[in-house]
Amino acid sequence: MADKSFLTDIKTLRERARKHIENGAITEGYTGDRETAIKLLNEALATEIVCVLRYKRHYFMASGIHSEAVASEFLQHANEEQGHADEIASRIVQLGGAPDLNPDGLSSRSHAEYVEGETLLDMIKEDLVAERIAIDSYTEMIRYIGDDDITTRRILEGILAVEEEHADDLSSFLSDMEKREKSRG
C-alpha cells in the first residue's frame, strides 16, 4: 500500500484552529459556497414550514370513515417536518446566516405549494405531490453541495430519507382509498 499522507500534521491543525476563531464551526477546510448554501437552506426551511402548516390543516380537517389513521399520519408528518425545519435553521446559523422565518414571502420561497384540498383523498394527493417536490429538491441540493459541505449534505440526506418515507406512506393511503372507491363503484 502506498504511503498516503492525507492528514494534516497536528501543529498545523492547531494553528489553523486558532485562526479566525470567530468563525466557529466554519474552518479553512470548508470548501462550500456559504452564501449559496444559506440561500438553499432558507428555501428548504420555507418548504418545511409550508409543509408543517399544510399537514396541520389536513390533520384538523380530515373527516370521514377512514380519516382517523390518515389524520394520525398527517400529524406525525407535521411533527417530523417541524423537526426538519429546526435542523435546517440550526445549520443556517452554524454557517453564519440567519433563518428566514418571515411569513411575508414564505410561500414564494417554498418549493412546495400550500394547497388545502377539499376531501381526504385530495389532501393525501396534495401532500404526496409536496413530498415528491421535496424529494426532487433535496436530491438536487445534495448533488449540488456534494463534498463541499459534508455536514449540510448529511443533514439533507437524513431529511430526504424521511421525505421518501412520507411519500411511501401517502402512496399507500392513496392506493387503499382508490381501491375502496373502485369496490364501491
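Between Tyr144 and Thr36, the closest side-chain pair of non-hydrogen atoms falls below 4.5 Å. Using a 4.5 Å heavy-atom threshold, the side chains of Leu174 and Leu121 count as touching. Under the 4.5 Å side-chain criterion, counting only non-hydrogen atoms from C-beta, His111 is in contact with Met141. Residues Leu40 and Thr152 fail the side-chain proximity criterion, which asks for heavy atoms closer than 4.5 Å. Contact annotation: the side chain of Asp147 never approaches that of Thr31 to less than 4.5 Å [non-hydrogen atoms, C-beta and beyond]. For the pair Ile159 and Ile88, the minimum side-chain heavy-atom distance is below 4.5 Å. You'll find the side chain of Tyr138 stays beyond 4.5 Å of the side chain of Val162, heavy atoms only.
Salt bridge Lys182/Glu178: absent, no basic N to carboxylate O contact under 4.0 Å. The pair Asp148-Arg153 does not meet the salt-bridge criterion, since no charged nitrogen lies less than 4.0 angstrom from a carboxylate oxygen.
Heavy-atom minimum distance, Asp100 versus Asn42: N-OD1, 2.7 Å. Between Ala167 and Ile135, the shortest heavy-atom contact is CB-CD1, 3.8 Å. The two residues Leu45 and Pro99 come nearest to each other via the heavy atoms CD2-CB, 3.7 Å. Nearest heavy atoms, Ala62 versus Leu120: CB-CD1, 3.7 Å. Heavy atoms only, all atoms of each residue included: Ala85 and Ile49 are closest at CB-CG1, 4.3 Å. The two residues Arg109 and Leu101 have their closest heavy-atom pair at NH2-C, 4.5 Å.
For the atom pair CD of Glu73 and CG of Leu170, the computed distance is 7.0 Å after rounding to the nearest 0.5 Å. With values rounded to the nearest 0.5 angstrom, Glu164 atom CD is found 9.5 Å from Asp168 atom CG.
At least one donor-acceptor pair under 3.5 Å links the side chain of Thr47 to the backbone N or O of Glu43. No side-chain donor-acceptor contact under 3.5 Å links His58 to the backbone of Ala71. Distance alone, capped at 3.5 Å, is enough to place a donor-acceptor pair between the Ser90 side chain and the Asp86 backbone. For the pair Arg54 (side chain) and Met123 (backbone), a donor-acceptor distance under 3.5 Å is absent.
No more than 12 heavy atoms of other residues, nucleotides or ligands shown are found within 6.0 angstrom of OH on Tyr59. Atom CD of Gln94 is surrounded by more than 12 heavy atoms from other residues, nucleotides or ligands within 6.0 Å.
A donor and an acceptor atom, one from each side chain of His84 and Glu80, are nowhere located under 3.5 Å apart. Between the side chains of His77 and Asp127, not a single donor N or O lies within less than 3.5 Å of an accepting N or O.
A perpendicular orientation is assigned to the rings of His166 and Tyr55, their planes being inclined by more than 60° (bins at 30° and 60°).
Both Ile124 and Phe60 belong to a single network of hydrophobic side chains, linked directly or stepwise wherever heavy atoms of I, L, V, M, F, W or Y lie under 4.5 Å apart.
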Step by step, would you call Glu87 with Arg91 a salt bridge (charged side-chain N to carboxylate O under 4.0 Å, His left out)?
CA-CA 6 Å; Glu87 200 171 5; Arg91 183 60 181 160; over 6 Å; no

